[in-house]
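Atoms within each ligand, like the ligands themselves, are counted from 1 in listed order. Just the heavy atoms: all of them, side chains too, but no hydrogens, waters or symmetry mates, feed the values below.
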Amino acid sequence: LLLFPTYAQRWNVNYDEAAVGPYSLPSLLRTHGGTTVNNVEDWEIFRKPEILASCTHHLYGRVPGELDTMFVTVKEKKGTALNGKAKRKQVTLTLVKGKKELSADLLIYLPVGKKKSAIFLGYNFWGNHTITDDPNVIIPTSWMPINKDLHILTNRADEQSRGSMKRRWPLEQIIGAGYGVVTLYRGDIDPDRDDFSDGIHPLFYSKGQERPCNDEWGTIAAWSWGLSRVMDYLETEAEIDNQKVILVGHSRLGKVTLWTAATDQRFAAAISNNSGAMGSTLSRRNFGETVEVINTAFPHWFCGNFKKYSNREDMLPVDQHMVLSLIAPRPLYIASATEDLWADPKGEFLSAKEASVVYNLYGIQGLSAASMPQPDTPLIDIVSYHIRTGKHDIIAYDWEQYIKFAKQNNIQTSKN
Ligand code: GCU
């Protein structure tokens, strides 16, 4: 018996492989003008910008402008954590546009005794204080969805949820492997609800505007843009190696890591954990969550233009293998879970395989396996994949593979 998230049970989607039906994907290498690209130069000059523009216009939406400035306030400089094995730093970024501003709190753990650390960077779902029992971590003040399991009962977090998501952030393991962690609460950049009066969007409205135009950013693109602002800060942070920033995200936040790496070349690698529909899986494969479902349940995630593709996946000018291709030649890890059929594990594998043709242009093999590996047998390379036994989640087993992946691709903290 397979267990689906209760949320997913409400939708009548296909889980029968035999009923998937044929589909044909838009070509990665054929340009709009009809020429086929067969080398890195033509890919980078002609085809890659076309794909980036199409994904922006039809899926995630464009960022409407630039900030006036960003202030960095160091709230805590030299905390210690993990019995002296880690340094803790907490920093607030204040994003300013005209008369409006928005603040986001970063939680930083770095291994002790290293000059410049390679780091994993990603959003957390429920606040920085949920990733650890550490009593010094600042609790977010921004809006949060109600979550009875975590004792978040009033749209604000408090002490009761401290440490409640630590299974997703095995800090001892990460710090022990010589990596730092930088994380922030998703709702600091944009609360995860269908309301465009809050979060980052209003900072960029023209006079009288109340929501983004159809081609402007939804929440996923806003979150991605937020990670780029974190990178702007990291470039000024002496203790972090900004050449070695690995994006990591689970589920909707995995969708975010992919789009962030696709739009910002400064990130060294991207990890997508169970990101599913509009993350790593192919939209044209009729299995699990569909475009209609995601547009209905999360109407704020993508741009207005994306709405017209509900039930019309075949009309999409792009598919998710094209988002992955924008990350090439940088290391990319796609991970699935056996019970997470909602995310369509096979579609996640296949899109990584499809995107491999662009890695091939760079002389990189990409995902070499002809078919999906058995559960719990990771394929770790430049393009990596695993399917873990179990539920939709990110746990120590997944992190163990991500650390191996980072080391194998030589994205690690230097010895001295
Ligand atoms: C829902 C949604 C998915 C998403 C997931 C999550 O299940 O349908 O697309 O990935 O939430 O973020 O946990």
- Message: Heavy atoms only, cut-off 4.0 Å: how does I294 contact ligand 1, side chain, backbone, both, or neither?
- Response: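 Just the side chain.
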- Message: Tell me the contacting part of H250 for ligand 1: side chain, backbone, both, or neither, using a 4.0 Å heavy-atom threshold, strictly below.
- Response: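 Near ligand 1, H250 shows nothing, with every heavy atom at 4.0 Å or more.
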- Query: Between the main-chain N or O of A369 and the side-chain N or O of K353, is there a donor-acceptor pair closer than 3.5 Å?
  - Reply: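 Such a contact is found between K353 side chain and A369 backbone.
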- Task: Provide the number and element of each atom of ligand 1 under 4.0 Å from a heavy atom of S251.
- Result: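 Answer, ordered by atom number: 4 (C), 5 (C), 6 (C), 10 (O), 12 (O), 13 (O).
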- Task: Could you list which atoms of ligand 1 come closer than 4.0 Å to a heavy atom of F298?
- Result: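 Under 4.0 Å from F298, ligand 1 has these atoms: 1 (C), 2 (C), 8 (O).
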Under 3.5 Å, is there a donor-acceptor pair between the [X] and [Y] side chains?
X	Y	value
R330	Q265	yes
S351	Q320	no
T260	S224	yes

- Query: Should the pair Y123 and W223 be assigned to parallel (<30°), tilted (30 to 60°) or perpendicular (>60°) ring geometry?
  - Reply: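 The rings of Y123 and W223 sit tilted, inter-plane angle from 30° to 60°.
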- Task: Report the relative orientation of the aromatic rings in H386 and Y402; use parallel for angles under 30°, tilted for 30 to 60°, perpendicular for over 60°.
- Result: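 Parallel.
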- Query: Would you say ligand 1 has an N or O under 3.5 Å from any N or O of W301?
  - Reply: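 No, there is no polar N/O contact under 3.5 Å.
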- Query: Among E289, H392, R186, R252, which one has a heavy atom closest to atom 12 (O) of ligand 1?
  - Reply: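 Nearest heavy atom to atom 12 (O) of ligand 1 lies in R252.
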- Residue-ligand contact M278/ligand 1, heavy atom below 4.0 Å: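 For ligand 1, residue contact (heavy atoms, under 4.0 Å) with M278 is absent.
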- W11 near ligand 1 by a heavy-atom separation under 4.0 Å: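 It does not, in that no heavy atom of W11 comes within the 4.0 Å cut-off of ligand 1.
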